[in-house]
Undergrad: 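Just dropping this structure here.
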Protein chains: 2
Amino acid sequence: MKNLQIQIEISPELYTKKPDSSGLGREIISKSIELINEMGFEAFTFKKLGIAINSPESSIYRYFNNKQSLLIYLTSWYWTWTEYRLVFATTNVASPEERLNKCIEIITQPVEVDDDISYVNEILLSEIIFSESLKAYHTKNVAEKNKIGSFQAYKNVVQRISDIVMEINPLFEYPHMLISTIIEGAHQQKYFAEHLPALTDKIKDKNAITEFYKEMINQILNIK
Amino acid sequence: MKNLQIQIEISPELYTKKPDSSGLGREIISKSIELINEMGFEAFTFKKLGIAINSPESSIYRYFNNKQSLLIYLTSWYWTWTEYRLVFATTNVASPEERLNKCIEIITQPVEVDDDISYVNEILLSEIIFSESLKAYHTKNVAEKNKIGSFQAYKNVVQRISDIVMEINPLFEYPHMLISTIIEGAHQQKYFAEHLPALTDKIKDKNAITEFYKEMINQILNIK
DNA sequence: CAAATATAATAGTATTACTATCATTTATGC
DNA sequence: GCATAAATGATAGTAATACTATTATATTTG
């Protein structure tokens, strides 16, 4: 993926002014990723972001209506990019089992190298996805946000992996349930490991969570 | 459990004044359960609760510092009560496999009959747990809240079921990961079914989620 | 029935999450 | 290179939230 300079396209419904159309817009995105990481999504405000980028709050509001919209933009960016990663990792791989395993790796691990495809720090962004993304859809106005396509990129990822599951076992009845359980589970287990270790197990090596879910899906689909 | 009149004891760290020590306290609990259900946790405020029970905001603050503390109280109540339910459902059942299956049913399904053990509406409370409980621990101050035992009741439930898993398969390395994945997964799948159906599958009957996770755990632990 | 305790009534503050206005800077088309 | 449009900056203001404080009035309890 390195040096490919792909463009992540985000649906215009998800912003009021396109962030990558201006320097300010790009600063809003990249600084917000830093700040949300540092202080968590709740403590993050447009006022603080404004101070950090030396621009008034009101300028930020021209790009996003509120911080939830910004979070949805970030998650959409991440999932759209992750769909590219899935495609890259699985093209020309004949075995669906092998493709599935590759996908599980990608969705259960935070990003470790910045591919530098843009002004977005993918390492920090993936941290946000793991620890904060559920706040994008666990909200009063899910229905309304869903209607404008806020979660389409996430759905596409789930659908794409579910398709591989169906290729392996066409009779399996709950591919989406399985994949979304794994994605959300991996996010939460990482959070538990950091903050509530009694809810998870001693993590021997950093791939323990990935191995757990790989093993799980292989057992469920009878892959040896 | 009906008519047993058990007392759910909540650690004093989790409130500033004991809610079941007064009529007002009990009203705060039972009305907040109703209101959080109706409007969601974000829209819920102590001001609205005060209006609903005809008491000033400031009186509510004598029982709980803020609405997050109240939510933690409610989740602790639920998990303490659920631990009783687990014990009741599994005592005198010799087979650990059978006990495990009973536990999976209890943790993956919302409550359907109000056992009437108190002023708490358990049906509505379980709805809150399924849709809002992650907001109790997905917050800036997890560490601090964890230190005072805010999540002990939840941990006890996970531990108790993990013990059964270990009884069945003493070599299994990730019992807590497995159980917390199932609990959190069941909550989320129900939420997805209601709000983001593309992330889950057509639910044929209302036990589909329970059956999915039962099947999952049985496969993983090689129970036929 | 007195003293202690709990609750009600009311007011006030800092912060958040915006909206509005107008001046100034920057970009763009000719 | 200049006129015009568009974007941004500077500043102010508002309603709601999440509290804290104070004093009066009930209610409980010993």
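Being a predicted model, the structure only gives us computed values, none of them experimental. Quick note on labels: first sequence line is chain A, next is B, and so on, each numbered from 1.
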Undergrad: Counting the atoms with a prime plus P, OP1 and OP2 as sugar-phosphate, which does Y63(A) contact under 4.0 Å by heavy atoms, base, sugar-phosphate, or nothing?
TA: sugar-phosphate
Undergrad: Quick check on dT17(D): is either OP1 or OP2 less than 4.0 Å from any side-chain nitrogen or oxygen of T45(B)?
TA: no
Undergrad: In plain terms, say whether K204(B) and E173(A) are close enough for a salt bridge, that is, a side-chain N and a carboxylate O under 4.0 Å apart.
TA: yes
Undergrad: Would you kindly give the CD1-to-P distance between I51(B) and dT10(C), to the nearest whole Å?
TA: 14 Å
Undergrad: Nearest-Å distance, CD1 (I60(B)) to P (dA9(C))?
TA: 13 Å
Undergrad: Rounded to the nearest angstrom, tell me the gap between atom CD in E57(B) and atom C1' in dT10(C).
TA: 12 Å
Undergrad: Closest approach to the side chain of R62(A), judged atom by atom: which nucleotide of dT21(C), dA18(D), dA9(C) is it?
TA: dT21(C)
Undergrad: So what does K47(A) touch, heavy atoms closer than 4.0 Å: a base, only the sugar-phosphate, or nothing?
TA: nothing
Undergrad: Could you state the CD-C1' distance from E27(B) to dA8(C), rounded to the nearest angstrom?
TA: 14 Å
Undergrad: Atom NZ of K67(A) and atom C1' of dT17(D): how far apart are they, to the nearest Å?
TA: 13 Å
Undergrad: What does S55(A) touch in the nucleic acid at a heavy-atom separation under 4.0 angstrom: a base, only the sugar-phosphate, or nothing?
TA: sugar-phosphate
Undergrad: Using whole Å, what does the distance between atom P of nucleotide dT8(D) and atom CD1 of I53(A) come to?
TA: 10 Å
Undergrad: Round to a whole Å and report the spacing from CG of N54(B) to P of dA6(C).
TA: 21 Å
Undergrad: Fit a plane to each ring of F44(B) and F41(B), take the angle between them on a 0 to 90° scale, and name the class: parallel (under 30°), tilted (30 to 60°) or perpendicular (over 60°).
TA: parallel
Undergrad: Regarding Y61(A), tell me which of base, sugar-phosphate or nothing describes its non-hydrogen contacts under 4.0 Å with the strands shown.
TA: base
Undergrad: Hey, do the aromatic rings of F192(B) and Y137(A) have their centres closer than 6.0 Å?
TA: yes
Undergrad: Ignoring the backbone of S58(B), work out which of dA9(C), dA17(C), dA18(D) is nearest its side chain.
TA: dA9(C)
Undergrad: Check this for me, if you would: do K190(A) and E127(A) make a salt bridge, where the nitrogen-to-carboxylate-oxygen distance has to be below 4.0 angstrom?
TA: yes
Undergrad: Just compare dT11(D), dC19(D), dA18(D) and give me whichever is closest to any side-chain atom of N66(B).
TA: dC19(D)
Undergrad: What is the distance, rounded to the nearest whole Å, between atom CG of L24(A) and atom P of dA27(C)?
TA: 12 Å
Undergrad: Between F46(A) and Y61(A), is the ring centroid distance below 6.0 Å?
TA: yes
